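All remarks here apply to the structure that follows.
This one's a predicted model, so the numbers in the text were calculated from it and none came from an experiment.
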Amino acid sequence: MKINNLEVFLEKARGGKLPLGCCVTFADPAVTEVAVASGFDFVWIDGEHGEMDRNTAMLHLMAVKGTGVATLYRVPSCDHTEIKKVIDFAPAGIIVPMVMDEKDAARAVSACRYPCHGGDRGCGYRRGWDYGAADTDAYLAASAHDPLVILQLEHIDAAKHLDAILAVPGIDSVLVGPYDFSMSMGKPGQFDDPEVKAALDEACAKIKAKGLLLGTYAENRFADWKRRGVDYMSVKNDTNAMLDGFRSAQALARKGFEA
């Protein structure tokens with residue numbers, strides 16, 4: 001739908017232009033506006049970690065209207081009620097964390113689709129329906145594929161069930177959480193470890209073979225993700241960006257005074 005810029009995002013991701021995004025955890029929607037102003041292609045609004053409530057989530061989604069930037073929203077858990085709290089606000093994608101098996105995957109897909117499309121999403125049309133101003137038939141037709149259903153793969157046990165997960169109809173994308181993934185293997189952040197690298201390589205290859213969009217969060221090791229065929233990538237979160245900016249400003253000032 002135009003309201004969430006899903007088509008713009010998909011055109012880039014499927015056209016090999018690698019949409020880049022950031023993860024927003026702060027409650028103030030001005031953070032999302034700043035992220036948009038910086039030139040990101042999408043904003044990953046995080047309802048799993050941080051302080052987002054339902055009203056705050058909607059303000060962040062509204063902050064990108066008319067910009068061409070897509071909004072992905074991560075719910076706290078693979079739960080119908082948690083998805084229902086935000087899906088009526090019309091994000092371009094729903095990110096479902098810690099999907100561990102095919103049952104979780106099926107629950108996630110069902111919660112994102114109306115009964116006429118095989119799911120059990122509640123009929124609270126609201127913002128995606130333009131509060132009643134939009135054509136209902138057109139809205140329902142679009143809802144067959146909007147929002148994207150994005151499952152997070154972030155545990156080695158889930159990787160063992162990946163074939164069954166990927167066999168579930170209706171998944172649009174799998175977003176790999178590499179740090180949680182490595183931590184579940186007892187090797188947090190050890191992305192050069194042969195076992196960790198091999199497990200991530202295998203998982204990504206399976207996702208790509210299914211024709212699904214491959215996403216991730218990565219602030220480095222971009223060559224590895226290029227090799228894996230990543231289609232979209234979040235490269236920073238707001239807290240890290242602020243910390244890096246403050247440190248850079250201090251270093252620049254001290255260097256200037258020492259010159």
Inspect the contact between [Y] and [X] and indicate whether a charged nitrogen and a carboxylate oxygen are less than 4.0 angstrom apart.
{"X": "D146", "Y": "R121", "answer": "no"}
{"X": "D41", "Y": "K12", "answer": "yes"}
{"X": "E202", "Y": "K206", "answer": "yes"}

field: ILVMFWY cluster membership beyond L252 - transitive side-chain contacts under 4.5 angstrom
entry: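 Members other than L252 - counting any ILVMFWY side chain reachable under 4.5 Å - there are none.
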
Main-chain N/O of [Y] paired to [X] side chain as donor or acceptor, under 3.5 Å:
{"X": "D130", "Y": "G132", "result": "no"}
{"X": "S248", "Y": "G245", "result": "no"}
{"X": "S182", "Y": "F191", "result": "no"}
{"X": "D172", "Y": "L148", "result": "no"}
{"X": "E154", "Y": "M98", "result": "yes"}
{"X": "T216", "Y": "V176", "result": "yes"}
{"X": "T67", "Y": "V69", "result": "yes"}
{"X": "H161", "Y": "E102", "result": "no"}
{"X": "K208", "Y": "G229", "result": "yes"}

For [X], check side chain to side chain contact (heavy atoms under 4.5 Å, CB included) against everything at least two apart and list the hits.
{"X": "H49", "answer": "D46, R74"}
{"X": "A142", "answer": "M1"}
{"X": "D238", "answer": "V24, T25, F26, V31"}
{"X": "S173", "answer": "I150, L213, Y232"}

Would [X] end up clustered with [Y] when hydrophobic side chains under 4.5 Å apart are linked, directly or stepwise?
{"X": "V8", "Y": "I3", "result": "no"}
{"X": "L175", "Y": "M183", "result": "no"}
{"X": "V149", "Y": "L153", "result": "yes"}
{"X": "F40", "Y": "L6", "result": "no"}
{"X": "V34", "Y": "L243", "result": "no"}

- request: Could you walk me through whether H155 and M185 pass the side-chain contact (heavy atoms from CB on, under 4.5 Å) test, one step at a time?
  value: CA-CA 8 Å; H155 200 286; M185 299 178 70; over 6 Å; no

Can you confirm whether [X] sits close enough to [Y] that some side-chain heavy atom of one is under 4.5 Å from a side-chain heavy atom of the other?
{"X": "V174", "Y": "L214", "answer": "no"}
{"X": "P147", "Y": "N4", "answer": "no"}
{"X": "H117", "Y": "S143", "answer": "yes"}
{"X": "L140", "Y": "Y114", "answer": "yes"}
{"X": "I45", "Y": "P91", "answer": "no"}
{"X": "V75", "Y": "I94", "answer": "yes"}

- request: Mind running side-chain contact (heavy atoms from CB on, under 4.5 Å) on F42 and C22 for me, showing each step along the way?
  value: CA-CA 7 Å; F42 70 92; C22 72; over 6 Å; no

Least distance between heavy atoms, [X] atom then [Y] atom:
{"X": "A57", "Y": "V86", "result": "CB-CG1, 4.1 Å"}
{"X": "A108", "Y": "L151", "result": "CB-CD2, 3.7 Å"}
{"X": "A70", "Y": "N5", "result": "CB-O, 3.9 Å"}
{"X": "L212", "Y": "D231", "result": "O-OD2, 3.9 Å"}
{"X": "Y217", "Y": "P178", "result": "O-CG, 3.3 Å"}
{"X": "A218", "Y": "M233", "result": "CB-SD, 3.9 Å"}

field: K84, NZ: over 12 other non-hydrogen atoms inside 6.0 angstrom
entry: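 Count not over threshold, so no.
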
Would you give the length of the straight line joining atom [atom1] of [X] to atom [atom2] of [Y], rounded to the nearest 0.5 angstrom?
{"X": "R126", "Y": "Y131", "atom1": "CZ", "atom2": "OH", "value": "5.5 Å"}
{"X": "D28", "Y": "E51", "atom1": "CG", "atom2": "CD", "value": "9.5 Å"}
{"X": "Y73", "Y": "I95", "atom1": "OH", "atom2": "CD1", "value": "10.5 Å"}
{"X": "M58", "Y": "R127", "atom1": "CE", "atom2": "CZ", "value": "5.5 Å"}
{"X": "E11", "Y": "E7", "atom1": "CD", "atom2": "CD", "value": "10.0 Å"}
{"X": "M100", "Y": "Q152", "atom1": "CE", "atom2": "CD", "value": "12.5 Å"}

Could you verify whether a donor N or O on one side chain and an acceptor N or O on the other, from [X] and [Y], lie under 3.5 Å apart?
{"X": "T56", "Y": "D53", "answer": "yes"}
{"X": "D120", "Y": "S110", "answer": "yes"}
{"X": "D79", "Y": "S77", "answer": "no"}

Output all residues satisfying salt bridge (Lys or Arg N to Asp or Glu O under 4.0 Å) with [X], sequence neighbours left out; order by chain, then residue number.
{"X": "K236", "value": "E219, D244"}
{"X": "D101", "value": "none"}
{"X": "D180", "value": "none"}
{"X": "K85", "value": "E82"}

Audit row: C204, W225, side-chain contact (heavy atoms from CB on, under 4.5 Å) steps and yes/no: CA-CA 9 Å; C204 292; W225 288 104; 3.6 Å; yes

task: Check T71, L59, L61 against F89 for a side chain to side chain contact (heavy atoms under 4.5 Å, CB included) and give me the one that passes.
output: L61

Apply side chain to side chain donor-acceptor pair (under 3.5 Å) to [X] and list each qualifying residue two or more places apart in sequence or on a separate chain.
{"X": "W129", "answer": "T136"}
{"X": "R228", "answer": "D201"}
{"X": "H145", "answer": "none"}

task: Evaluate the criterion side-chain contact (heavy atoms from CB on, under 4.5 Å) for residue pair R221 and D192; output intermediate values, then yes/no.
output: CA-CA 9 Å; R221 291 176 175 80; D192 290 326; 3.3 Å; yes

